[in-house]
Amino acid sequence: MESFRASVLRVVRSVPQGRVVTYGQVALLAGRPGAARAVGAVLRGLRAADGDVPWQRVVNASGGLSTYKVGHGELQAALLRAEGTPLTDGRVPLYERQWWPDDELSAGGGHGGQPT
DNA sequence: AGTTTGACTTGTT
DNA sequence: TAACAAGCCAAAC
């Protein structure tokens with residue numbers, strides 16, 4: 001069984017550019033529902049050895065950037081904007097930017113289709 | 001090996 | 001609508 005850390009990194013790496021996911025969502029996809037906080041711990045401990053992990057695509061349930069707490073908020077915001085994910089009032093509109101497996105391409109679809 | 005901390009979430013006041 | 005508190009899981013000390 002792969003470590004939770006590895007699972008989280010894998011999930012985050014699967015998020016396509018221009019889309020975002022929430023911590024709780026990553027935890028869920030990693031097989032540990034409710035471990036949203038732990039996901040943050042993993043991303044916080046990211047190292048160069050972990051390779052290219054698009055951690056900037058991970059936002060909180062409100063679409064806001066929790067990275068401001070560690071002083072990386074501005075960096076994440078810049079990275080997102082550079083990837084085509086504009087921030088509205090300091091946060092990302094999840095209803096049209098949140099990504100889910102199988103939803104690989106509907107970026108501007110605008111109908112929202114989260115699995116219940 | 002146990003305790004503490006925290007890039008979260010959700011519900012109540 | 002905004003602020004406060006409790007719950008939960010993993011990693012770091």
Side-chain angles (χ1 to χ4, degrees):
Chain A
M1 191 58 178
E2 203 160 40
S3 67
F4 179 73
R5 235 179 38 173
S7 300
V8 170
L9 295 180
R10 191 184 49 176
V11 173
V12 175
R13 269 185 278 223
S14 70
V15 181
Q17 174 182 358
R19 306 303 295 283
V20 299
V21 288
T22 67
Y23 291 91
Q25 186 187 339
V26 173
L28 179 67
L29 295 175
R32 282 293 170 296
R37 220 168 179 177
V39 172
V42 172
L43 297 181
R44 173 177 168 282
L46 274 178
R47 301 183 294 262
D50 294 313
D52 295 289
V53 181
W55 56 270
Q56 64 263 26
R57 296 173 193 161
V58 183
V59 300
N60 62 39
S62 303
L65 310 186
S66 300
T67 54
Y68 276 117
K69 281 193 169 185
V70 289
H72 283 152
E74 200 53 54
L75 172 60
Q76 180 172 18
L79 289 171
L80 286 174
R81 286 180 301 202
E83 289 192 344
T85 305
L87 290 143
T88 303
D89 190 50
R91 46 179 228 82
V92 179
L94 297 176
Y95 62 91
E96 63 175 27
R97 283 301 179 181
Q98 182 171 26
W99 174 86
W100 285 90
D102 304 324
D103 185 37
E104 310 181 16
L105 20 125
S106 42
H111 50 63
Q114 296 101 323
T116 57

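Note that this is a predicted model, so its numbers are computed, not measured. These numbers come from the heavy atoms of this one structure, side chains and all, not from hydrogens, waters or symmetry mates. Each chain gets a letter, A, B and so on, in the order the sequences are listed, and its residues count up from 1.
- In this structure, CZ of A:Arg44 is placed 7 Å from P of C:dC13, rounded to the nearest angstrom.
- Contact between the side-chain N/O atoms of A:Arg32 and the OP1/OP2 oxygens of C:dC8 is not found at any separation under 4.0 Å.
- Counting only distance, with no hydrogens or angles, the side chain of A:Gln25 and the backbone of A:Trp99 share a donor-acceptor pair below 3.5 Å.
- Note: CZ (A:Phe4) to P (C:dA11) measures 7 Å, nearest angstrom.
- Judged as a side chain to side chain donor-acceptor pair (under 3.5 Å), and not counting sequence neighbours, A:Thr85 has no contacts.
- Taking the side chain to side chain donor-acceptor pair (under 3.5 Å) definition, one finds that A:Glu83 meets it with A:Gln56, A:Arg57, sequence neighbours left out.
- Under a 3.5 Å cut-off, the side chain of A:Arg81 and the backbone N or O of A:Pro86 do not form any donor-acceptor pair.
- Residue contacts for A:Ser62: at a heavy-atom cut-off of 4.0 Å it reaches no nucleic acid atom on any strand shown.
- A:Leu65 and A:Asn60 make their closest contact through N-ND2, 4.0 Å (heavy atoms, listed as atom of the first residue, atom of the second, distance).
- A:Leu28 places its CG atom 13 Å from the P atom of C:dC9, with the value rounded to the nearest Å.
- Remark on DNA chain C: of its neighbouring residues A:Gly45 and A:Pro33, the 5'-side contact belongs to A:Pro33, judged by nearest-heavy-atom nucleotide.
- Between the NE2 atom of A:His72 and the CG atom of A:Leu43 there is a distance of 12.5 Å, given to the nearest 0.5 Å.
- Mapping heavy-atom proximity under 4.0 Å, the span of DNA chain B touched by chain A runs 5' to 3' from B:dG6 to B:dT10.
- A:Ala36 comes within 4.0 angstrom of sugar-phosphate atoms only, judged by non-hydrogen atoms across all strands, and of no base.
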